[in-house]
Amino acid sequence: MSVDGTTETFFPLGADDLAKLDAIREALLDPSPRRIGRLDQWGLADDYEIFAEVGTYAEVRLAMADGTVLDASLSVPRNLAPGQTVPAVVMPAPLIGIGHRAYLGMIQRWILGGYAVLAYSQRGLAESTGEIHVAGPKDVADATEVIDWLVQNVAVDPDRIGFFGASYGAGTSLLAAAKDPRIKAVAGTSAWADLFASLYENGTRHLAAFEALVKLFGEDRCSEEFRGVIQKIRADTIDDQVREFARVRSPRHHLDAYNASATPILLTTAWHETIFSVPAVVDFHNRLTGPRQLLVQVGDHGNGELPGLAGLIAKPTAMAYRWMDHFLGGTAGDGEAPRFDVRSEQMFQPLSDVRHATWDDYVLPKKRFHLADAAAGQSDGQLVEGGAAAGWTRSVKATGTGTDIVVAPQLVQTGLLERLGLPHAYKPAEIDRGLAAVFTTAPLERASVVRGELELRVTVKPQQAGATIVAYLLEHNPVTGRANIITHAPYTFSAEQAGRETTVTFPLQPGDYPVQKGRRLQLVIDTHDPFFAAAHTTAPVFTIDLSSPKGAESYLDIPLHPVD
């Protein structure tokens, strides 16, 4: 049976990637010279000859107590002495059509490091039976049964069991660790911490990411409970059922369990992550009191670890090997001890490696830029330091379509191109000023960096219930007229706020972004982005007034500082 993939995934595997995984699987199942020789085109034949000598691989079906059968694979070191036990790594699958086979490229490294490895597809995914519960209580119970099976059938040390997972697998791993004390270490890449914050930010649905998740799950495979939640989110009915559904599936709400057991937790995310909330991951990391490490990379969901899942070099997987070696006693890593710190990459520089002891040490202090009216002879507003600027009003039209400024033209793929040095370019001069308000700084006199957390305060008077504003901070090059996105955030107003002035203060996504000398920062306040809601071409056009009343002057706090 071949490894079948899909391009509709948060881990975009090309034809060559799938062919390589298929060849690895065949060589693991049948380590004959012919099968292993097929790997020579990728330079892997020698590696898997060694694997055949030191490890075994088998595909297994794990029956759960309720009759659900999980599709899985088991790899075990050969030639164990009588009574010898080994550490184990359990890997719940990411959300991808090939399920647990997405981890095939990692298995050799784990085995050479002395681990037993059990990878599995959660219920309802790939070839596993049952319904999809989105890392719900049944999935957590499955993880416990998987450990039970592993301990009963394999010579593993029950005190040296860790979980590694990417994306959906990261969520399952974290939630399982909150319930099962036998999980002694967790490494979660492209992890989520708060499912509600990931789906619903400042009263605004992350509709594009949500629909992409539903499509990947396959709505017909989802549980009745999840299908009900899907319909409520589509209808923008965010009630107690939706909140409770998200709460039990959010690692951030199980902090007491992690901290009581001092569970070592490694987390990775990305600056322009479009699937799961980055601030929630940062907050979760900051609140952990046990061993912890956070990595934030250039790009989007799954971009950073994708090479590592395929067996190549990547920071997230290299860190995971070190993490498990340190806490479980294997030798899969490079022999270096993990650092319990915050590690990050600067935008456009994926080879950069910035290290700080804590998030608070990492972020820079905010500087306040006031939103001011246009200077004489100019049409756009200003972002200025100094005294507060009151008394201005700007009106924009909400038409249900918005401008060409968007969070990301494509989920995941835009970030992947950004990681490859090809960021999406915007053209601020072409922004329809009737649909968005623009505020711009003077050209920066020195090369600088935006590093840390941002916050916007603005007074808004929407003329209709459900109005949304979306704030984007751009870096604008006056020479080329092009701009790149630094960060963003939406805010949606309630029915009670329609027709009256409301001053709102909300955070934008954190960032680590270098700004060259002579560039300008631009704040764009738009009224629509397809990332958050579908276009409504038949919706009535209405006005949104932005203002800066005395005593509640509008501002944008930016952690902007010169660099040497």
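Any value given below was found using the heavy atoms of this structure, including those in side chains, with hydrogens, waters and symmetry copies removed. All residue numbers in this chain count up from 1 along the given sequence.
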With sequence neighbours left out, write down each residue that passes ring-ring contact (aromatic ring centres under 6.0 Å, His included) with W359, or none if nothing qualifies. Y362
Proximity of F340 and W323 rings by center, below 6.0 Å: yes
Please test K367 against D557 for salt bridge (charged side-chain N to carboxylate O under 4.0 Å, His left out), starting from the C-alpha separation and ending with a verdict. CA-CA 5 Å; K367 289 186 177 180; D557 283 346; over 6 Å; no
For D157, is there an ion pair with R182 - N to carboxylate O distance below 4.0 angstrom? no
Decide whether Y168 and Q122 meet the rule of one side-chain donor and one side-chain acceptor closer than 3.5 Å. no
Any idea how Y258 and H254 line up, ring-wise: parallel (<30°), tilted (30 to 60°), or perpendicular (>60°)? perpendicular
Going by the rule salt bridge (charged side-chain N to carboxylate O under 4.0 Å, His left out), which residues pair with R252 if we only count those two or more places apart in sequence or in a different chain? D194, D283
Qualifying salt bridge (charged side-chain N to carboxylate O under 4.0 Å, His left out) pairs with a residue from residues 232-242, counting only residues at least two apart or across chains: R205-D236, E211-R234, E219-R234, K232-D239
For E453, which residues count as a salt bridge (charged side-chain N to carboxylate O under 4.0 Å, His left out) partner, sequence neighbours excluded? none
Closer than 3.5 angstrom, by distance alone: can the side chain of H272 be matched with the main-chain N or O of I486 as a donor-acceptor pair? yes
Does the structure place the NZ or CZ of R457 under 6.0 Å from the centre of the six-membered ring of Y555, at an angle of no more than 45° from the ring's axis? no
Pairing donors with acceptors under 3.5 angstrom, does anything connect the side chains of S121 and S128? no
Lys/Arg N to Asp/Glu carboxylate O, R287 vs D256, below 4.0 Å: no
Lys/Arg N to Asp/Glu carboxylate O, R249 vs E225, below 4.0 Å: yes
Find out whether V156 and P87 are in side-chain contact, i.e. whether some heavy atom of one side chain is under 4.5 Å from a heavy atom of the other. no
Between the side chains of E224 and R227, is the shortest nitrogen-to-carboxylate-oxygen separation below 4.0 Å, so that they form an ion pair? no
Just by distance, with hydrogens left out, do T68 and R123 show a side-chain donor and acceptor under 3.5 Å apart? yes
Near-ring test F532/H206, centroid separation under 6.0 angstrom: yes
Could you list all the salt bridge (charged side-chain N to carboxylate O under 4.0 Å, His left out) pairs where at least one residue sits in residues 301-312, not counting sequence neighbours? none
What orientation do F245 and F226 show, parallel under 30°, tilted 30 to 60°, or perpendicular over 60°? parallel
For S167 and P94, indicate whether the former's side chain and the latter's backbone hold a donor-acceptor pair under 3.5 Å. no
Could you pull out all residues at least two apart from H424 that satisfy ring-ring contact (aromatic ring centres under 6.0 Å, His included)? Y426
